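Worth saying up front: this structure is predicted, and the values here are computed from it rather than measured. Quick note: numbers below take in every heavy atom, side chains included, and nothing from hydrogens, waters or symmetry partners.
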Number of protein chains: 2
Amino acid sequence: MVQIPNTPTSADVARLAGVSRATVSYVLNNTSAVRISEPTRRRVHEAARELGYVPHAGARSLRAGHSRLVLMPAPAIPMGPLYNRFINELQWALGRLDYTVVQYGSVGLRGDEAARAWAELRPVAVLVPGAEMGPGGVQVLKRSGARAVVTLGPGRVEGAHALLMDHAAVGHCAGAHLYERGRRRIGVVLPEETALEAYSRPRLAGVRQALRGTDATVTELPLAYTEEAAARLAARWRESGLDAVFAYNDEYAMLLMRALQDEGARVPRDVALVGADDLMLGRLLRPRLSTVHIELPSGRDLAELVDRAVRDPGGEPEVRKVLGASVVPRESS
Amino acid sequence: MVQIPNTPTSADVARLAGVSRATVSYVLNNTSAVRISEPTRRRVHEAARELGYVPHAGARSLRAGHSRLVLMPAPAIPMGPLYNRFINELQWALGRLDYTVVQYGSVGLRGDEAARAWAELRPVAVLVPGAEMGPGGVQVLKRSGARAVVTLGPGRVEGAHALLMDHAAVGHCAGAHLYERGRRRIGVVLPEETALEAYSRPRLAGVRQALRGTDATVTELPLAYTEEAAARLAARWRESGLDAVFAYNDEYAMLLMRALQDEGARVPRDVALVGADDLMLGRLLRPRLSTVHIELPSGRDLAELVDRAVRDPGGEPEVRKVLGASVVPRESS
DNA sequence: TTGAAAGCGTTACCAG
DNA sequence: CTGGTAACGCTTTCAA
């Protein structure tokens, strides 16, 4: 007998086990309201295994009126090992709570167009990193059944829970640290990649805030992530008169440190340098790179927040500050 | 009149527009087989916009018998900027072909258990990076309606298309290069993180293959990604008698180079060093780090392969070698 | 050109 | 304890 490779349904399982579809559902979902005899259970499980039966998530959520799907737009730019660990932890924790976590590539869609695409999947919750969603988007998602929308980013959005990742704190740390070290003419590297502006602007603002009311000055230093750009920036060094730089993150800091050293600048004597993200590689430079260590929330905590929000969709949107920043002084500052 | 925030269905749109559900479907899907009057189309679109109607992907695919969902398990470990760009390009290209691409966190599931979880979403195609899926998994996916399963990894799996990313080629390059440079006692760094074994083993094998039949020797150098581990390895340097190292990738190479230099070893005079991945940061070291540049396939090509496979599910599984590797000699070798 | 109805795979209710 | 049945939202014949 040739197996037709049609997708087996619960009806097929029922037929093979000699029971009704309802019974199959009861057995496979361990429905506690109904008691099924042990032999029957065994027959059903056996049949399901034999056919390679896999339930149809779409049909299930159609029937149930809601899914267990948690949608998380994938950030277009790689966010570094730290953020990656956070995401993995979150996925794991949500998995433990029996949610299905899925990352949706948001490339090419923008604004509320993206929200509509996501809404088609009828997620029960949506986690939005960055600042790419407006109130309209939240509206669309909630209207289509999302019981919780959580933003992970610099600001809050009407109707959504917010995990405030205030990158100004990162800049603030760095600025205060450099001031303490006696630096007064401070440059701040701004990556030219526009996708990073959502983070670089707040970090710059943080530096400014830390130095407000002091005699220190802040200079913006736009920089593309290439050796040539770094060399050009370093060449203008002496005339700029800066005595310190906060370099957005460790990668830009490493790039700039090299270029400065090639120009003959002594780090930290002539110019202090601070990065951010606490990458392993920063420790390999000579001098070792000072950096701002960033603390993300634990994935378990966020998973709990999501779960609570899903269970109580009416509750007030929760707003929580979650980004910890602290200077790790090493040798470059 | 208070809007009940129930998610609007096509029936609601039909009611508001004063037409039948069928008409709504025709209009919103631009069905060419049926001609709908312009005023009606307008009324339907208007009603849909007003209600914020978003179609239910699950219901649609239930009816259609298949989805437009392409599933891609997200690798548990960050794969670097190169791989990231490849993924983004792929998503964009598949999006152009009207597929919905989704990354499924595979954390905590393993083997065919994962395949079953994926199958619940009834994807029309599955792209599996790494070597985590066996023939059983492919079977499960195909049985549940997947028209194409494509593996991106070192080997091929029965029943699946394969984009062979032969990391032995990376090691081969490096080995041949070091031999050409006159090195004969060659160490190969093997990261201790087990998740990387799928790549480090083939790279080691490639080095071995490049040196087979020569007078050169190959020594395995297990190394954890910490400064201490690197220092320990470097301390055993003199006695080991090695004159070259292929360091798995640029990050491990940078770590080791630093440790070796701190031990007083001169690079490349005493020991040549080659990394892989061609990271920007490798250029910042002194000496500049030699590396193996890896060329991934274009996302557009893969998107086309997927599309073809979906349209012709019966076709022979396609097997294609797609990983280009070439040495970028700089100053460390 | 439009409408009625069937059916995709599930599960929950209600009879037996 | 088990089975029939209806309903979830959508598309697609078929009939008007």
Side-chain angles (χ1 to χ4, degrees), chain A residues 6-44 47-48 51-69 100 119-124 143-145, chain B residues 6-44 47-48 51-69 100 119-124 143-145:
Chain A
N6 256 345
T7 313
T9 73
S10 75
D12 296 323
V13 176
R15 199 156 20 223
L16 183 57
V19 299
S20 76
R21 284 172 19 250
T23 306
V24 170
S25 175
Y26 292 145
V27 172
L28 295 182
N29 295 305
N30 273 322
T31 307
S32 50
V34 189
R35 299 190 61 77
I36 306 283
S37 71
E38 201 47 48
T40 306
R41 305 180 78 87
R42 213 191 309 282
R43 282 218 314 287
V44 169
L51 292 177
Y53 168 72
V54 177
H56 188 304
R60 176 179 284 172
S61 77
L62 183 56
R63 166 66 224 224
H66 60 263
S67 69
R68 296 292 287 177
L69 193 69
T100 296
E120 291 196 0
L121 298 180
R122 294 294 192 274
V124 69
R143 279 284 267 263
S144 66
Chain B
N6 259 345
T7 84
T9 73
S10 77
D12 296 324
V13 177
R15 200 158 12 216
L16 182 57
V19 299
S20 75
R21 283 172 23 246
T23 306
V24 171
S25 175
Y26 290 144
V27 171
L28 295 182
N29 296 305
N30 272 322
T31 308
S32 50
V34 190
R35 301 192 61 79
I36 306 284
S37 70
E38 201 46 51
T40 306
R41 306 181 77 86
R42 212 190 311 281
R43 281 218 314 286
V44 169
L51 292 177
Y53 170 70
V54 177
H56 187 305
R60 175 179 285 169
S61 76
L62 184 57
R63 167 68 223 226
H66 60 263
S67 70
R68 296 292 289 176
L69 193 69
T100 296
E120 292 195 1
L121 298 179
R122 294 293 190 275
V124 69
R143 280 284 268 265
S144 65

Strictly distance-based, threshold 3.5 Å: is any side-chain N or O of A:T7 a donor or acceptor partner for the main-chain N or O of B:R143? yes
From CG of B:L28 across to P of D:dG9 the rounded distance in Å is 16 Å
With sequence neighbours left out, the residues meeting side chain to side chain contact (heavy atoms under 4.5 Å, CB included) with A:L16 are A:A47, A:E50, A:L51
Interatomic distance, CG@A:L69 vs CG@B:L121, rounded to 0.5 Å, equals 7.0 Å
Can B:N29 and B:R60 be said to form a side chain to side chain contact (heavy atoms under 4.5 Å, CB included), step by step?
CA-CA 11 Å; B:N29 296 305; B:R60 175 179 285 169; 3.5 Å; yes
Is the phosphate of C:dT2, meaning OP1 or OP2, less than 4.0 Å from a side-chain N or O of B:T23? no
Those residues at least two apart in sequence (or on a different chain) that pass side chain to side chain contact (heavy atoms under 4.5 Å, CB included) with A:S10 are A:R21, A:V24, A:Y53
In whole angstroms, the gap separating C1' of D:dC8 from CG of B:N6 amounts to 12 Å
Would you say B:T9 places a side-chain N or O within less than 4.0 Å of OP1 or OP2 belonging to D:dG9? no
Of all heavy-atom pairs linking B:A48 and B:V13, the shortest is N-CG1, 3.9 Å
**OP:** Mind running side chain to side chain contact (heavy atoms under 4.5 Å, CB included) on A:H56 and A:T9 for me, showing each step along the way?
**Re:** CA-CA 8 Å; A:H56 188 304; A:T9 73; over 6 Å; no
Axis-to-axis angle across the helix from C:dT1-D:dA16 to C:dG16-D:dC1, five pairs each end, nearest 10 degrees, ~ 50°
Does D:dT2 have its OP1 or OP2 closer than 4.0 Å to a side-chain nitrogen or oxygen of A:S37? yes
Atom NE2 of B:H56 and atom P of C:dC8 are separated, to the nearest Å, by 18 Å
Assign each of B:S20 and A:V54 the nucleotide of DNA chain C bearing its closest heavy atom; nearer the 5' end lies the nucleotide of B:S20
Shortest non-hydrogen pair, A:R43 vs A:V19, comes out as NH2-CG1, 3.7 Å
Ordered by number, residues from residues 11-18 of chain A within less than 4.0 Å of DNA chain D (heavy atoms) are none
inquiry  = For D:dC1 and A:T40 - does any side-chain N or O of the residue sit under 4.0 Å from the phosphate oxygens OP1/OP2?
reply    = no
### Message
I'd like to know if the side chain of A:S67 and the backbone of A:R122 have a donor-acceptor N/O pair within less than 3.5 Å.
### Response
yes
Heavy atoms of B:A119 and B:S144 approach each other most closely as CB-OG, 3.2 Å
In whole angstroms, the gap separating C1' of D:dG9 from CG of A:L121 amounts to 15 Å
Atom CG of B:L62 and atom C1' of D:dT11 are separated, to the nearest Å, by 11 Å
Residues passing the salt bridge (Lys or Arg N to Asp or Glu O under 4.0 Å) test with B:R42, sequence neighbours excluded, are none
A correct 5'-to-3' footprint of nucleotides 11-16 of chain C, with B, S and - meaning base, sugar-phosphate only and no protein heavy atom under 4.0 Å, is BBB---
